[in-house]
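The model shown is predicted, which means the values in this text are computed figures rather than measured ones. Keep in mind that the numbers below use all heavy atoms, side chains included, and drop hydrogens, waters and symmetry copies.
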Amino acid sequence: MLKHFVLNLNPTAKFEWERCSLHHPITAEQPSLGDLVAEAIGAGMGSYLVAVKLEVTVLDQVTSEGLATRSRLGLGLPEGLIAEDRALLAERSDLLIPELAA
């Protein structure tokens, strides 16, 4: 199973929960590891001993200064988004963060 998420790191955030957050790039929903594993195994009710391998690949990195610059220059979304995500974002522009909108 391959899923794409946006990781925000802000060590100076006022609240601890804002310092490291993971969310879906289109819906902004925060994933639940338990729900993702249950979806992956697709099994019914019961208890399961599972092994989870987490592989992370950084597709793009944009700093907060970079977001402001991209917006100011009209560069739009980071290039690391895969084509499917870019198409979905184009369809649902109402969900975009203003700084990311072209």
Side-chain angles (χ1 to χ4, degrees):
M1 170 188 339
L2 178 62
K3 298 281 186 176
H4 291 86
F5 298 105
V6 175
L7 173 66
N8 288 320
L9 299 175
N10 183 359
T12 61
K14 182 177 180 180
F15 301 105
E16 185 176 340
W17 57 268
E18 292 178 325
R19 293 183 186 139
C20 178
S21 66
L22 192 66
H23 63 272
H24 189 276
I26 297 171
T27 64
E29 293 176 352
Q30 293 185 322
S32 160
L33 180 59
D35 290 342
L36 292 174
V37 171
E39 180 183 334
I41 64 172
M45 188 168 76
S47 296
Y48 301 86
L49 175 61
V50 298
V52 178
K53 179 181 176 182
L54 179 65
E55 182 178 325
V56 177
T57 303
V58 176
L59 300 176
D60 197 3
Q61 178 184 4
V62 179
T63 63
S64 56
E65 295 83 17
L67 286 174
T69 302
R70 283 174 116 39
S71 179
R72 194 170 46 253
L73 297 176
L75 296 177
L77 295 169
E79 291 303 317
L81 292 175
I82 62 172
E84 294 167 12
D85 286 345
R86 291 177 67 85
L88 287 171
L89 286 172
E91 291 173 13
R92 297 297 313 268
S93 60
D94 56 316
L95 298 174
L96 288 176
I97 300 169
E99 292 85 3
L100 291 177

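Considering only residues two or more places apart in sequence or on other chains, Val58 meets the side chain to side chain contact (heavy atoms under 4.5 Å, CB included) condition with none of them.
Note on residues 32-44: pairs passing side chain to side chain donor-acceptor pair (under 3.5 Å), not counting sequence neighbours, are Lys3-Glu39. Every pair tested for side chain to side chain donor-acceptor pair (under 3.5 Å) that includes a residue from residues 43-55 fails, sequence neighbours excluded, so the list is empty. Every pair passing side chain to side chain donor-acceptor pair (under 3.5 Å) that includes a residue from residues 10-22 is listed here, sequence neighbours excluded: Asn10-Thr12.
Cluster partners of Phe5, by chain and number: Leu7, Leu9, Leu22, Leu36. The rule joins Ile, Leu, Val, Met, Phe, Trp and Tyr whenever side-chain heavy atoms lie under 4.5 Å apart. The hydrophobic cluster containing Val56 also includes Leu54, under a criterion of side-chain heavy atoms closer than 4.5 Å among ILVMFWY residues, counted directly or through chains of members.
Atom CD of residue Gln30 and atom NE2 of residue His24 lie 13.0 Å apart, to the nearest 0.5 angstrom.
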